[in-house]
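Read the structure below first, then the notes.
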Amino acid sequence: MKFIVAIIKPHKLEDVREALAGVGIEGMTASEVKGYGRQKGQTEIYRGAEYQVNFVPKVKVEVAVDDGAADSVVEAIRNAANTEKIGDGKIFVLDLENAVRVRTGETGPEAL
Amino acid sequence: MKFIVAIIKPHKLEDVREALAGVGIEGMTASEVKGYGRQKGQTEIYRGAEYQVNFVPKVKVEVAVDDGAADSVVEAIRNAANTEKIGDGKIFVLDLENAVRVRTGETGPEAL
Amino acid sequence: MKFIVAIIKPHKLEDVREALAGVGIEGMTASEVKGYGRQKGQTEIYRGAEYQVNFVPKVKVEVAVDDGAADSVVEAIRNAANTEKIGDGKIFVLDLENAVRVRTGETGPEAL
Amino acid sequence: MNGADTAWILTSTALVLFMTLPGLALFYAGLVRSQNVLSVLMNCFAIAATVSIAWFVIAYSIAFGDGNAWWGGLGKMFLSGVGFDSEAGTIPESLFFMFQMTFAIITPALIVGAFVERISFAFVVAFSVIWMVIVYAPVVHWVWGGGFLAEMGLLDFAGGVVVHVTAGVSALVLAMMLGPRRGFPNEVQPPHNPGMTMIGASMLWVGWFGFNAGSALAADGAAGMAMTVTHISAAAGAIAWSVMELLRYRKASLVGAVTGMVAGLATITPASGSVGPIGGLVLGLAGGVICYTVTQMVKQRFKIDDSLDVFAVHGIGGALGTLLVAVFVSTAFNGAGFAEGMNTGSQLGVQAMGIVIVAVWSAVLTFLIASVLKLFMTFRVDEETEVQGLDLAMHGERGYHNM
Amino acid sequence: MNGADTAWILTSTALVLFMTLPGLALFYAGLVRSQNVLSVLMNCFAIAATVSIAWFVIAYSIAFGDGNAWWGGLGKMFLSGVGFDSEAGTIPESLFFMFQMTFAIITPALIVGAFVERISFAFVVAFSVIWMVIVYAPVVHWVWGGGFLAEMGLLDFAGGVVVHVTAGVSALVLAMMLGPRRGFPNEVQPPHNPGMTMIGASMLWVGWFGFNAGSALAADGAAGMAMTVTHISAAAGAIAWSVMELLRYRKASLVGAVTGMVAGLATITPASGSVGPIGGLVLGLAGGVICYTVTQMVKQRFKIDDSLDVFAVHGIGGALGTLLVAVFVSTAFNGAGFAEGMNTGSQLGVQAMGIVIVAVWSAVLTFLIASVLKLFMTFRVDEETEVQGLDLAMHGERGYHNM
Amino acid sequence: MNGADTAWILTSTALVLFMTLPGLALFYAGLVRSQNVLSVLMNCFAIAATVSIAWFVIAYSIAFGDGNAWWGGLGKMFLSGVGFDSEAGTIPESLFFMFQMTFAIITPALIVGAFVERISFAFVVAFSVIWMVIVYAPVVHWVWGGGFLAEMGLLDFAGGVVVHVTAGVSALVLAMMLGPRRGFPNEVQPPHNPGMTMIGASMLWVGWFGFNAGSALAADGAAGMAMTVTHISAAAGAIAWSVMELLRYRKASLVGAVTGMVAGLATITPASGSVGPIGGLVLGLAGGVICYTVTQMVKQRFKIDDSLDVFAVHGIGGALGTLLVAVFVSTAFNGAGFAEGMNTGSQLGVQAMGIVIVAVWSAVLTFLIASVLKLFMTFRVDEETEVQGLDLAMHGERGYHNM
Ligand SMILES: Nc1ncnc2c1ncn2[C@@H]1O[C@H](COP(=O)(O)OP(=O)(O)O)[C@@H](O)[C@H]1O
Ligand SMILES: Nc1ncnc2c1ncn2[C@@H]1O[C@H](COP(=O)(O)OP(=O)(O)O)[C@@H](O)[C@H]1O
Ligand SMILES: Nc1ncnc2c1ncn2[C@@H]1O[C@H](COP(=O)(O)OP(=O)(O)O)[C@@H](O)[C@H]1O
């Protein structure tokens, strides 16, 4: 199995969710993160003091998938999250040794 | 070593923490996340407009453990987080290559 | 490639960011987390009721790097995050199988 | 000059300013996405500041200058001739000017609800100032400044027509011109902080005592009764809206309850000097039920993104109350009684005519002002700005900083 | 009719409504978990709306109708006979009705603190309305409506017995009937937003000027002195509570300071028309220390989850002030002086009797009302709802939306 | 005694307390890091409580006792001799005491902006109380208590010198003694909640009606005009500041607009009983532009971390208004006119002298008080506490609990 971590623009979360449903993935976990990269944060100015905010808001999506599905999942996320603007994000693929469903105790691909 | 990622119901965090202490694990990292899966979000209605909130609040627990402890940790989390209701969550086990304690520079299992 | 996860003290984020820039790393993702470990949370008292807050605020930094850079990145984070006080945090190194840049579709080290 | 009346209107002026700042601002700001919270607060705040100056420079003169049946002329620009000792009725004229200014502030601020989350800030300021001077001030003159609607015998104690119909209708026109938010109606995001909305609503409730009971311009039985019917109507509106929600969704929401309360308040406003407590109860219930229904219709049937329901709550509420006053002013309902020669039928005619004239006036001029302004400045922000939120793009600030 | 008195009571009415909406609502909402914030706000709001209507329909009549020593009868239901010109003392009766209504709103709203985070919403509304009519309105009649406690000579200027003892005792009874929150006492969660609590407390402080100085029902020296002793007691209460915390924990918390201030206010309330500034100082200090102590005891010794300390702060504070007034009313302490034939001893007897009678009355009837209501509706929510929080389950809303 | 005046000053007292609690507290708390939000609220709250007691014990006597040109003596300590019937002018003396107390509360609370995020709590309390008694109360006597500045003919209607210059100058001195926040100027963190700041600012705006129009101590034309010029100046200040930001950064921020409004209010304060509406407009614009400019200078040129710009906004605004009153009091600008024998030149001399004397007095004594206090208690917290935030370290609480 693979553990796929995608950093995307916040407003793309719904699109990504739908795209994943499109390739048969019905489970995922999302969280708010702040990203630093080529897309730079903005300077905010309060009463003449300039605050350089280096991080920009992003959403992280984590999804565990069966080996066979990994490529199509990566592809689906990429298509859904792409705006062709800097800061669209990254997708990271890690190896996943095991997965357990808490409720049933099922393990492996069944647990997803 | 293993890097164990568990998605659980928010109110189970304390139970999980205690269960981990029970198997000798005294370090972990938790964060707020939103989950999507079989347990569906709710429809919220404001002034007659319906908002489908697809994600439900969950807590993610990350814990790095020695290889030998991995199974008992997974088991402990599962027992503590289980309510036998849909949405209880998942446990993911990843391989962990190395760990470093910032303060001392210790590496490997000592760092945990 | 490696996927490096560092748990640090919140006010060290900027130092870590600068240290990473120092070793040529210009991308990372940060998020707020709560940690449990040797550094204990505090007791908060409201109207005579004591609330044991077990988790302390931390920041998690995730950074994907090329294999060759991994050691220097770990070292850079460690130096920047170190205050020699308990609770300085941990650095975890996981293997990263693949990375994709959403905007361009580049994969592997190019995507970082 | 009467010191007691002065004391009460000094207080009322503070209460009505409080309705806008921070009351209405919070009421609205809680209903938008967290990336637009500051933009909504800023809209209300900037309107308060700029409209105040415009009221001082010219609008007060248009509204309350001597003039004729149509407008007050330019004789009182810059408060010309108004000194420390000038009086208006039993209170200092400077104070009357201030009290009325707070109405001139809140009326364009109400319109903000129509265009949040997608409008350019420069447009908001320019439109609001021009609208207040050209649309609002003349209507004030017609109804409260001795103009032709006053002569016709229109009953509008505290601004059902003057405030709520003008704002509600103009809001609807602007919302249609601007187009819906991205994702409307299915994917806009829920209110980011309903508690903030409740705080603002509570301040509106309290401040409305100054609005309605202050409109008696005296500390007397009329003020006491105005406060009473205002309160009863607010409570009844909240209950009515909540019951509608319970019937339909089996849950009563906080946002619903406070919206019903505001509907009750908008409905009683024109009637608050004319009706008795039973009238207040009926108007509040009617306001709650009807504004609730129209809110659904505007969104679901007509698919108009009057985002925070300005038309449905204020426009409809204000018009409804203006009509119902013709019934409940009757002494049969313990109201204050008809003016000589009037009865329910004739009064209803006057009330309806007043509503129609002011609604058309507001709609047409709003359309014209916005059409012209669009030529000179951005009306709606670009999609990227809308997605990101207006706070950062328009004002360079963020509502919530945590890390 | 006196215009100046009217002006001040119009203002006071606004101030006392402000105490509940949003003051008390925020004070309480900041102390619960973030998943229950809307539920607390909604409790207070719904109580305000429904109790207002019940006050209009019947409770005002029970409290202030002509009646006899026990109740006011039904003659003033629906404000029957009260018109634009009716007077009560030197102010319009409509205004007196309104001013008293704001007290009828806040009293059941105070009880909310006892049962937050686990009670069913329908129960809250039903209980509050019935309680206000059956428990509260008669007590008002006894003390302020010329009833038997008034005749006995009970001194309760602004509601130590009428408001604080009734609410505090009923809160304790309800908390015991309902049972503690899941995890109490060791694992309930800390206040999610102490700043919100401080905002609410500040509004209570400001609004209390209307409560106590408004209870003079005139704009005169009695009002001025009531405001003075009220303020001094609030400040002293805050300091006393903070010092207790410093002695015990070496830290003074914001939640503690504002709670002490509320304790000081509850304590001075019955005495605010009777004592001088020194009395205010002593009552505030006593209120802070004793309410602090009882707060600890209720939680730690008796393990009762009166969640937001309604009994310890309001019940005890109100009773304490009611007793101490018998001492500090004396002209020896620059108080207003005893009524003819009274001295500290005899007054103390009257005060104690008043407290006991009202406490027993409140406890018994609260128990009966809740016991009957439980037969018809959910009292306490199920565990899953409690764990998830009431906002979503009861009202379909969420307090904070970020992503 | 005049009931109408009493009614208005009762109200004004509530309004001015509202300015500090929760107005100023929120205004400041929104501008700091989220880990310090409670500490700022607590500073303001604790100052309100302790200063109130000190005002009662001794400071009122120093300010308004009979005394001589330099101080009022100790004859009115503990309100000695002030009973239910005592009068001060046309209002009860207890009320005059209360009204003035609210000024004594807000003045040291203004200073809080200078030292947030790094000062020890004990120091704040000790300094504020001592400062109010030793620095503030005498200045009140000099200007409003018939002291030597009053005799010189200084015009300071509502406290440009008494409130804003004392607080602003003392803030600057303390900020320099304490040193900048860690990371200043490049790495301090942005305001954690500008919306909170806006809410506080709105409350300041509303409350300032009590501050300035209340300073007329009557419900009359002077109060009406004071309210008018106050409002116009606030609006003009907001606009001026926003225009400065637009010119420089092409964006107008919410924090900027509300700061400009406060600058406009500080500037009009000393003039609010003397100038007409045109004067209000000019003072507001001048206040906005000049306070904006000085804000930049203090931070960027002088690198002083007067964290929330107390000196630049209040000190400079108050001084500016105090000077400009000498111009706009003239009947040529529809002002109230000069006192006999005065003209712009001579009045300007008096005003300048008043500013200089009070500024030097404040600076020197602030330096002395802080220097002595430092010997007995922690002045600045250690680095770890500063990094973590004061809420947890000083008060054992957290501003926001989510999980
Ligand atoms: N090496 C990295 N490790 C982890 N996260 C990264 C890394 N590089 C970029 N990111 C994340 O991806 C986001 C987008 O990257 P950025 O360089 O701004 O644009 P792009 O994705 O178009 O290359 C960043 O905000 C950050 O959250
Ligand atoms: N494939 C997945 N990858 C990552 N997280 C998942 C995945 N499937 C489920 N989750 C997480 O687990 C939570 C629970 O899953 P759900 O399907 O609702 O119930 P259950 O755990 O009972 O099967 C989800 O809310 C989500 O956070
Ligand atoms: N086994 C673990 N797995 C995951 N995170 C851990 C683990 N142990 C510690 N942490 C994280 O590291 C933080 C610091 O650890 P702690 O034991 O307090 O101090 P130190 O880093 O000095 O050993 C914790 O707050 C927690 O977030």
Side-chain angles (χ1 to χ4, degrees), chain D residues 2-8 11-12 15 33-34 189-195 198-203 205-207 209-210 213 218-229 231-232 234-239 242 249 251-258 260-261 276-278 281 334 336 400, chain E residues 1-11 13-15 17-18 20-23 25-26 29 37-39 41-42 44-46 48-53 56 78-79 82-87 91-98 101 121 196 199 219 391 393-402:
Chain D
N2 180 309
D5 295 347
T6 301
W8 171 233
T11 306
S12 293
L15 285 170
R33 288 194 300 149
S34 60
Q189 291 194 15
H192 90 286
N193 193 332
M198 182 274 185
I199 303 173
S202 297
M203 291 173 173
W205 193 337
V206 172
F209 286 175
D220 60 7
M225 190 56 88
M227 189 179 267
T228 302
V229 301
H231 186 88
I232 291 176
I239 294 171
S242 295
Y249 304 110
K251 280 178 190 168
S253 70
L254 178 61
V255 167
V258 303
M261 178 214 80
I278 296 285
L281 184 64
N334 291 321
Y400 305 95
Chain E
M1 212 204 58
N2 180 308
D5 295 347
T6 302
W8 170 233
I9 304 308
L10 286 163
T11 306
T13 303
L15 285 171
L17 179 61
F18 187 54
T20 307
L21 299 180
L26 289 172
V37 59
L38 300 185
S39 128
L41 298 175
M42 182 66 167
C44 293
F45 194 84
T50 53
V51 157
S52 294
I53 301 300
F56 168 55
F78 288 98
L79 273 178
V82 178
F84 288 77
D85 299 328
S86 312
E87 297 184 13
I91 63 171
E93 184 167 355
S94 57
L95 177 57
F96 179 73
F97 162 86
M98 278 301 295
M101 177 193 277
F121 177 61
M196 185 180 271
I199 303 173
D391 292 357
M394 291 277 138
H395 307 292
E397 300 166 300
R398 234 178 266 262
Y400 305 95
H401 267 286
N402 296 317

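Everything numeric here is computed off the predicted structure, so don't read it as measured data. Proteins get letters first, then strands, A, B, ... in listed order; numbering begins at 1 in each.
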Rounded distance [0.5 Å steps], [atom1] in [X] versus [atom2] in [Y]:
X: D/His231; Y: E/Met101; atom1: NE2; atom2: CE; value: 4.5 Å
X: E/Phe78; Y: D/Asn334; atom1: CZ; atom2: CG; value: 12.0 Å
X: D/Leu254; Y: E/Cys44; atom1: CG; atom2: SG; value: 10.5 Å
X: E/Thr11; Y: D/Leu15; atom1: OG1; atom2: CG; value: 7.0 Å
X: D/Met198; Y: E/Met42; atom1: CE; atom2: CE; value: 9.5 Å
X: E/Glu93; Y: D/Met225; atom1: CD; atom2: CE; value: 9.0 Å

Look at [options] and state which one has the largest set of heavy-atom pairs under 4.5 Å with chain E.
options: D/Ala234, D/Gly224, D/Ala219, D/Ala4; value: D/Ala219
options: D/Ala257, D/Ser253, D/Gly221, D/Ala223; value: D/Ser253
options: D/Gly3, D/Ser202, D/Ala235; value: D/Ser202
options: D/Ser12, D/Ala336, D/Gly237, D/Ala238; value: D/Ala336
options: D/Ala252, D/Ala201, D/Ala218, D/Ala222; value: D/Ala252

What residue, out of [options], has the most heavy-atom pairs lying under 4.5 Å from chain D?
options: E/Gly23, E/Ala29, E/Ala49, E/Ser39; value: E/Ala49
options: E/Phe45, E/Tyr400, E/Phe18; value: E/Phe45
options: E/Leu95, E/Thr6, E/Thr50; value: E/Thr6
options: E/Asn2, E/Ile53, E/Leu79; value: E/Ile53
options: E/Val37, E/Leu26, E/Ile9; value: E/Leu26

- request: Please flag which part of D/Val229 lies under 4.5 Å from any non-hydrogen atom of chain E: side chain, backbone, both or neither.
  value: neither
- request: Would you mind checking which part of D/Met227 comes under 4.5 Å of any heavy atom in chain E, side chain (CB onward), backbone (N, CA, C, O), both or neither?
  value: both
So for [X], is it side chain, backbone, both, or neither that comes closer than 4.5 Å to the heavy atoms of chain D?
X: E/Leu38; value: both
X: E/Pro22; value: both
X: E/Ala25; value: side chain
X: E/Met196; value: neither
X: E/Phe84; value: both
X: E/Met394; value: backbone
X: E/Leu10; value: both

Side chain D/Thr228, main chain E/Ser94, donor-acceptor under 3.5 Å: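 Yes.
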query: Distance-only, no hydrogens or angles: does the E/Glu397 side chain make a donor-acceptor pair with backbone N or O of D/Val255 under 3.5 Å?
result: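 Yes, because the side chain of E/Glu397 sits within donor-acceptor range (under 3.5 Å) of the backbone of D/Val255.
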query: Shortest non-hydrogen contact from E/Ala14 to D/Val206?
result: O-CG1, 3.7 Å
